[in-house]
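Notes to accompany the following structure.
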Amino acid sequence: MRNISRAALLVLTAALAACGSEPAAEPAEQIVVREPSDLAIPPAMNESPTQDTALAEAAATDAVTGIDGEAAFAQCAVCHSIGKGEPSDIGPNLHGIMGQKAASVAGYSYSPAIEAAGITWTEAEMDSFLADPLEKIPGTKMASGGVTDGDERAAIIAYMMDASGS
Amino acid sequence: MGKWSRRAFIGAGVVAGGALVVGIAVRPGNPTDELKPLLAKGDGEELINAWVKVDANNKVTAIVPHAEMGQGAHSVLAQMLADEMDVDWEAVDILEAPAIPAYVGADLGREFIAPTLEVPKVLEPTVQGAFLSLANMMDLQITGGSFSIRGSGQRGMRTAGAAAREMLVAAAAEKWNVPAAEITTSNSILTHKSSGKSATYGEFAAAAATQDLPVKPRRKKVEEFTLMGKPMPRKDIPSKVNGTAGFGIDAQVEGMKYAAVKAAPVVGATVEKIDASKAKTMPGVLQILNMGDFVAVVADGYWQAQKALGTIEATYSEAEGQNLDQGDVFARYAKALDEVGSDGGDVETDEGDAIGTFAEASKKVTAEYKVPFLAHATMEPMNCTASVKDGRCDLWMGTQSPLGTRRDVAKALGLDEDNVSLQNAYLGGGFGRRASSDVPVMAARIAKATGYPVKMIWSREEDTAQDLYRPSATSRFEAGLDDKGKLVSWNNVHTHLFDPQEAPQVPHYAIANHLIRKVDVPMHLRFGPWRSVDHSQQAWFIESFIDEIAVEAGKDPLELRRELLARSPRHLAVLNKAAEMSNWGSAMPRGHGRGIAFVPSFGSVVAQVAEVDMTGTKPRVTKVYCCADVGFAMNPDGVAAQMESAIVYGLTAALYGEISIKDGAVQQSNFHDYEMLRINEMPDVEVTLINGDHERLGGAGEPGLPPLAPAVTNAVFAATGKRVRELPLSKHSFA
């Protein structure tokens with residue numbers, strides 16, 4: 001990798017151009033890490049699924065309500081991973097979330113609201129949160145309108161426990 | 001929507017350099033020779049005039065001079081042209097006009113708009129301003145001001161369609177040697193009944209292009225309309241449903257890389273120093289740029305750029321607004337308003353003797369209202385793809401102002417405007433945000449620095465914190481009622497006035513004496529137009545205050561408005577219809593309430609009744625009745641959709657919308673703290689349209705918004721007795 005800083009030269013051009021009120025077109029500092037023609041390091045991709053996600057995939061349809069918890073969780077999976085050790089996404093990784101204190105996933109940047117909530121994710125707490133997240137914890141970043149169907153919420157919670165191997 | 005090929009695009013630059021005649025359809029002389037190389041592609045395809053093209057296969061292309069941002073203008077403009085031209089609607093294609101200045105001109109704007117302008121005398125100075133801004137919109141090909149249908153459509157597309165039809169008829173008359181008056185047209189077919197001759201438009205396309213443009217083509221009377229006034233399905237819907245529609249963010253350019261950006265949190269501050277030691281080592285990163293007013297990371301992928309950007313530590317210069325908190329903003333307004341008192345400030349209207357009649361009034365009503373800054377929150381993130389090389393700049397994006405963007409980018413890069421091209425795509429929401437060129441200027445500056453094409457995308461956080469906001473404002477009122485309970489004095493002073501100039505005015509209400517003033521309070525934030533612009537603040541102030549006056553006068557809010565509109569039958573009809581739809585006056589359950597508001601704006605008249613349920617922990621709007629008179633609804637389905645979407649957008653703002661500042665920086669960052677209305681909060685909406693004057697069209701995109709907030713807060717008052725004098729509603733507790 002090349003690392004060229006052309007700051008000195010460019011600062012001068014910027015100073016000359018700064019006489020007007022418009023911002024200068026040129027950068028004050030330009031760090032060229034790599035030209036597009038240079039090969040990039042390929043990002044780690046196509047990792048094989050972990051045993052946990054395999055387990056999660058095998059989670060059965062809820063025997064009582066007939067709602068497929070995994071299918072119901074799909075709306076959550078837009079933002080949340082649940083496999084063990086998977087990185088947090090837009091929302092935190094949910095592996096083992098049930099029974100944990102809120103805002104406890106390391107490395108995830110929570111909203112001040114959820115950090116201050118001081119709740120533990122029991123089934124009842126999770127159920128009321130999923131029913132209307134913004135009502136329960138105003139200021140949460142979880143931009144979901146909530147799951148109105150109680151059976152569907154129960155299936156999601158059961159799936160979250162299954163997928164965590166608990 | 002058709003797409004401009006790169007070849008045609010470069011061609012446009014060449015044409016723009018020449019002496020292109022633009023006054024199509026209202027001027028003698030035919031501009032097709034100059035436009036032909038730009039628009040015609042392939043043999044057998046002839047240009048009839050600047051806004052329509054007919055090919056030999058009888059395919060008609062409407063060339064529309066406005067952007068499509070979900071409002072449906074492309075399709076309805078084509079519908080108007082197709083009706084006047086008697087073409088087969090199924091065979092109509094739509095192409096957005098190229099972003100070249102020659103395409104629309106000042107003369108065209110003035111000639112089209114001026115002749116039929118009829119305004120009440122009191123509004124004349126205002127309309128002068130409005131007229132200039134309309135002409136300006138045509139100059140700049142702006143999509144805004146609820147202008148497309150009533151301006152370009154009514155004056156441009158219809159005239160172009162009528163002219164094209166007359167030229168086709170003239171060409172057939174010449175060839176068949178029959179009087180033009182004996183030729184009839186329908187479904188893209190020319191027929192001469194007595195001789196039995198018949199031909200498609202396509203067959204005469206070439207010959208029609210050589211005809212002189214009619215000086216004043218005859219447009220259809222309303223009873224002759226076949227497509228206008230009908231709910232024709234929009235042509236852009238299929239591609240939006242199947243995902244093939246091309247938005248600015250979909251632009252793909254060979255060799256393109258991605259940029260993520262972060263500006264100094266306090267507007268006006270500059271980036272003094274950056275520590276990019278971590279970012280330099282991150283995957284995909286190509287360049288890290290301190291652009292002075294913002295930091296950019298260019299990478300192979302957008303997410304890589306955004307992740308690397310997040311690791312950069314920056315220090316910023318001091319800035320003028322850096323100590324300002326939201327409370328200070330309203331304190332500044334209060335100080336400015338205190339200073340001007342009851343008669344100072346910049347006078348906007350002074351009719352009669354508002355001060356004197358107020359002093360003698362039997363009953364006096366005063367109130368102060370406050371509204372916050374608002375962000376636009378377009379669904380498609382702000383973005384622009386730019387390539388700068390060999391003294392040229394090419395831009396790909398969705399913009400409401402293609403020519404203004406070209407001009408501003410050219411200025412920023414020190415290029416000639418002819419060397420900046422712009423390819424406009426669909427806009428994933430505009431609301432006024434995409435009428436400004438700050439985003440493309442940033443993208444062009446990055447692309448110039450890198451030397452290769454760059455697609456710059458703003459994160460939602462950047463969009464929320466660096467928007468060109470709807471200004472916050474404070475407004476104060478004094479009103480006087482005489483001994484008979486008649487409203488005789490109206491005195492208002494408000495901070496801020498941008499556009500339209502008539503937004504704080506109340507000429508529709510019969511009030512003998514009014515004094516309306518403003519004070520300017522400078523602020524470091526950047527402002528821009530926001531759906532319905534100043535009507536979004538002023539209508540809430542005015543219609544809240546009218547409601548308060550009604551309460552003080554012991555009158556029903558509907559009755560007071562009826563009295564004030566007694567001499568305006570068109571206005572009264574809209575108000576009465578909305579009241580009738582809502583069954584105004586009927587009993588409501590405990591904790592529920594009904595509120596009404598009436599606002600003429602952008603040439604249209606809208607009344608809304610909102611019903612609220614205040615029995616829960618927060619206000620719930622259950623129903624909105626809306627009656628709108630846009631003059632003549634060219635596409636009733638489209639107008640109703642615009643009313644509905646304005647109600648969603650307006651309700652979002654009334655319930656939640658608030659941008660606040662702390663230490664000069666915006667506190668909100670994303671949808672968790674700048675909330676949108678959720679689907680479960682959407683009220684039932686009923687819309688009724690009245691075609692009150694088919695000669696004088698009003699707009700549809702914006703007029704549905706201003707009445708919504710006052711209708712809701714007036715309903716909250718009806719339900720709870722609590723008057724809301726500061727928005728949004730989420731600031732208030734109703735428990």
Side-chain angles (χ1 to χ4, degrees), chain A residues 1-7 10-11 13-18 20-45 79 87 89-91 109-114 131-148, chain B residues 255-257 270-274 276 279-301 303-304 308 310 388 408-409 411-415 441-442 444-446 448-453 616-618 669-673 675-676 678-681 730:
Chain A
M1 276 191 201
R2 280 175 294 150
N3 189 345
I4 309 158
S5 182
R6 291 189 257 156
L10 285 157
V11 163
T13 9
L16 288 172
S21 58
E22 295 289 313
E26 281 76 24
E29 184 181 358
Q30 181 168 24
I31 303 166
V32 179
V33 179
R34 181 167 61 81
E35 293 297 337
S37 49
D38 298 346
L39 275 183
I41 301 161
M45 283 176 77
C79 300
D89 202 325
I90 294 167
S109 166
Y110 286 95
S111 63
I114 211 141
D132 194 344
L134 284 158
E135 185 75 34
K136 178 146 175 95
I137 307 180
T140 174
K141 282 199 281 188
M142 187 157 121
S144 156
V147 181
T148 47
Chain B
M256 176 185 90
K257 302 298 173 190
T270 53
V271 183
E272 284 192 329
K273 218 172 75 186
I274 54 170
K280 284 191 290 195
T281 66
M282 290 177 70
V285 172
L286 291 160
Q287 292 202 10
I288 295 148
L289 301 156
N290 173 358
M291 299 299 296
D293 44 344
F294 66 95
V295 179
V297 173
V298 182
D300 292 326
W303 191 237
Q304 294 170 322
V388 181
D408 293 347
V409 168
K411 195 170 160 216
L413 299 187
L415 292 175
V441 165
M442 288 167 73
R445 287 168 60 199
I446 298 169
K448 185 180 180 186
T450 60
Y452 44 80
T617 52
K618 54 184 188 180
S669 65
N670 206 321
F671 292 130
H672 67 292
D673 51 15
E675 284 186 58
M676 300 289 109
R678 306 298 173 101
I679 195 164
N680 62 345
E681 298 169 309
S730 58

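Just so it is clear: chains get the letters A, B, ... in the order the sequence lines come, proteins before strands, and each one is counted from 1. Since the model is a prediction, treat every value here as computed from it, not as a measurement. Heavy-atom basis, side chains included; hydrogens, waters and symmetry copies ignored.
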Under 4.5 Å to a heavy atom of chain A? For B:Thr270 that would be neither
Applying side-chain contact (heavy atoms from CB on, under 4.5 Å), name anything that partners B:Ser730, two or more places apart in sequence or on another chain. B:Tyr656, B:Pro728
The criterion is ring-ring contact (aromatic ring centres under 6.0 Å, His included); which residues satisfy it with B:Phe294, sequence neighbours excluded? none
Residue B:Glu675 versus chain A: region with a heavy atom under 4.5 Å: side chain
Smallest separation among heavy atoms of B:Gly284 and A:Arg34, with atom names: O-NH2, 3.3 Å
Do you know the tightest heavy-atom contact between A:Glu135 and B:Lys618? OE1-CE, 3.7 Å
Under a 4.5 Å heavy-atom cut-off, does chain A meet the side chain of B:Asn670, its backbone, both or neither? neither
For A:Thr140 and B:His672, the nearest pair of non-hydrogen atoms, with its separation, is O-CB, 3.0 Å
Count the heavy-atom pairs under 4.5 Å between each of B:Asn680, B:Asn290, B:Leu413 and chain A, then report the option with the highest count. B:Asn290
So, do A:Glu29 and B:Lys273 sit near enough that their side-chain heavy atoms are less than 4.5 Å apart? no
Mind listing the closest non-hydrogen atom pair of A:Gln30 and B:Ala449 along with its distance? NE2-O, 2.8 Å
Please identify which of these residues, B:Ile288, B:Val298, B:Val297, meets the side-chain contact (heavy atoms from CB on, under 4.5 Å) condition with A:Val33. B:Ile288
